[in-house]
Number of protein chains: 2
Amino acid sequence: MAGRRTDTRERIQRVAMELFAERGYDKTTLQEVAERLEITRPALYYHFRTKEEILSSIADGFIASLDELAEWARAQPDTFEARREILRRISELLEDKWRPLMRFAQMNQGAFAQSSVGDRMQDRIVTLVSVLSRPGADAIMQFEARLAVFALILGGVPEVFGMDLPPSELASTAMTVAVRLVSDHEPSGQ
Amino acid sequence: MAGRRTDTRERIQRVAMELFAERGYDKTTLQEVAERLEITRPALYYHFRTKEEILSSIADGFIASLDELAEWARAQPDTFEARREILRRISELLEDKWRPLMRFAQMNQGAFAQSSVGDRMQDRIVTLVSVLSRPGADAIMQFEARLAVFALILGGVPEVFGMDLPPSELASTAMTVAVRLVSDHEPSGQ
DNA sequence: GTCTATACTCGGATAGAC
DNA sequence: GTCTATCCGAGTATAGAC
């Protein structure tokens, strides 16, 4: 079919992301990526130095978005409304274009851990979470803030606990629960 | 050193679990497992047919515990107190002897997904969750029940979102938040 | 019954030809 | 900018020593 082309790098990223999400990072072979693109395996190494670099090149855009969001979030007042808006923007980010990546990250924490990509993503998420649970918060509120972000992430990964809802409905359910977690409520309750 | 011994199977399970938790399932090589035990790599194949069988043999005990718990849970009345007790028993299970496995499962969902071990674990957890969120519950309550179980799991995996609390305190914090998630509260609140 | 020696396959990675 | 030849290491398999 097509001979030489100039968008091979982007095509690799797209196909790799598909396969990583489908079959997991480690179980995806560069052979499969190459085959689906109808190029040879070593040809991938012209565009990326390692398998991990394919992954990190995809995550770079997401990390940049998180940075932007974190910077904005830091400038917000410490009110419930602000926290809700932060969660809404995180949810939006996850729905918009990064759902496959987050779904992948959720299923492959192992691949991310101890890698620089994983460290950088974790870093940004921790920053966002720390804005959600202001300094003075007790352990419970901190945990709830973390769990709220986690809820949003799970809202984009339907298969994790087998809730069979349409994706958009699941996302809005997750948002509702997340907001409730960062709302002001009585100190304890065990 | 020691010549033939009879506890090799158990020693393999213990060392493999350590390494899987430390370095991830895929990144752990059977070479490393064998080296740490001072046996040869093919010797592992006398005791286990595949790498995955090492993992599933470990998970079997955990799955049995979950079955037992699920059976008990199904017989409970549909009250807040019963749900709290179910959560407490789950938390106890995770603290008792299965924390390394859960920590591992959390970090390696990819390795578990699409494997029979993963399917079986997921199955049991879904059962427990469905007992926690009785049939008539709306999507939000179902999601909250799932998130409650997730909170308990995260309570055993300190590094996930970088909360630096002593493990026992983290676990009890997780329990408090989980209980709040399955408590009776007003219908919505978005 | 327990393990070693050896070998096969396949996937990630590199060097260099075209 | 793309591909061939090649290497290395990991999972797997089997034959056979003790």
Side-chain angles (χ1 to χ4, degrees), chain A residues 1-59 104 108 110-118, chain B residues 1-59 104 108 110-118:
Chain A
M1 303 239 131
R4 313 269 142 141
R5 43 198 310 172
T6 55
D7 60 341
T8 307
R9 192 184 158 87
E10 284 72 26
R11 292 172 66 232
I12 292 173
Q13 290 175 321
R14 211 184 51 242
V15 166
M17 195 63 246
E18 280 170 26
L19 286 170
F20 288 166
E22 271 174 37
R23 318 178 14 86
Y25 178 74
D26 290 284
K27 288 194 184 61
T28 300
T29 70
L30 295 187
Q31 182 69 41
E32 292 169 317
V33 176
E35 267 167 16
R36 196 174 283 201
L37 287 169
E38 295 182 318
I39 63 178
T40 65
R41 183 157 55 105
L44 295 173
Y45 283 85
Y46 171 72
H47 301 278
F48 298 95
R49 284 196 336 228
T50 67
K51 188 184 185 183
E52 196 192 312
E53 199 186 283
I54 300 179
L55 178 57
S56 65
S57 74
I58 297 170
F104 166 73
N108 295 273
F112 273 117
Q114 293 145 347
S115 83
S116 63
V117 212
Chain B
M1 280 127 249
R4 311 270 141 143
R5 45 197 310 171
T6 54
D7 60 341
T8 308
R9 193 184 156 88
E10 285 70 28
R11 293 172 65 232
I12 293 173
Q13 290 175 323
R14 211 184 51 243
V15 166
M17 194 65 245
E18 280 170 27
L19 286 170
F20 289 167
E22 271 174 37
R23 316 176 18 84
Y25 178 74
D26 290 285
K27 288 193 184 61
T28 300
T29 71
L30 295 187
Q31 181 69 38
E32 291 170 317
V33 177
E35 267 167 16
R36 196 174 283 201
L37 288 169
E38 295 181 320
I39 62 177
T40 64
R41 185 157 53 104
L44 297 174
Y45 283 83
Y46 171 73
H47 301 278
F48 298 95
R49 283 192 342 222
T50 67
K51 187 183 185 184
E52 196 193 312
E53 199 187 282
I54 300 179
L55 178 57
S56 64
S57 74
I58 298 170
F104 166 72
N108 295 272
F112 273 116
Q114 293 145 346
S115 83
S116 62
V117 213

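A note on names: the letters A, B, ... follow the listed sequences, proteins ahead of strands, and every chain is numbered from 1.
- Side chain of A:E53 to backbone of A:T50: no donor-acceptor contact under 3.5 angstrom is found.
- Listed pair B:H47 / C:dG1 fails the phosphate criterion, with no side-chain N or O lying under 4.0 Å from OP1 or OP2.
- Rounded to an integer number of Å, the gap from B:I54 CD1 to D:dG11 C1' is 11 Å.
- The distance between atom NZ of A:K27 and atom P of C:dC10, rounded to the nearest whole Å, is 18 Å.
- For the atom pair CG of B:L44 and CD of B:Q31, the computed distance is 9.0 Å after rounding to the nearest 0.5 Å.
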Inset, instruction - Could you please spell out the steps behind the side chain to side chain contact (heavy atoms under 4.5 Å, CB included) verdict for A:F104 and A:L55? - result: CA-CA 10 Å; A:F104 166 73; A:L55 178 57; 3.4 Å; yes
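- Here the CE-CD distance, from A:M17 to A:Q13, works out to 11.0 Å after rounding to the nearest 0.5 Å.
- At whole-Å resolution of the value, CD in A:E52 and C1' in C:dA13 are 14 Å apart.
- One interatomic measurement links the two molecules: CZ of B:R11 to C1' of C:dT2, which rounds to 13 Å at whole-angstrom precision.
- With B:Y25 contributing its side chain and B:E52 its backbone, the two residues share a donor-acceptor pair below 3.5 Å.
- For the pair A:R23 CZ and C:dG11 P, the computed distance is 10 Å after rounding to whole Å.
- In this structure, of C:dT4, C:dA13, D:dG11, it is C:dA13 that holds the atom nearest to the side chain of A:T50.
- A close approach under 4.0 Å does occur between a side-chain nitrogen or oxygen of B:Y46 and OP1 or OP2 of C:dT2.
- Applying the 4.0 Å criterion to OP1 and OP2 of D:dG1, one finds that A:T8 has every side-chain N and O outside that range.
- Looking at heavy-atom distances under 4.0 Å, B:R41 makes contact with a base.
- Residue A:T40 places its side chain closer to D:dT4 than to any other of D:dT2, D:dT4, C:dG12.
- For A:A43, the listed nucleotide lying nearest its side chain is D:dC3; candidates were C:dG12, C:dT4, D:dC3.
- Comparing C:dT6, D:dG11, C:dG11 by their nearest atom to the side chain of B:P42 picks out C:dT6.
- Between B:Y45 and D:dA13 there is no side-chain polar atom (N or O) within less than 4.0 angstrom of OP1 or OP2.
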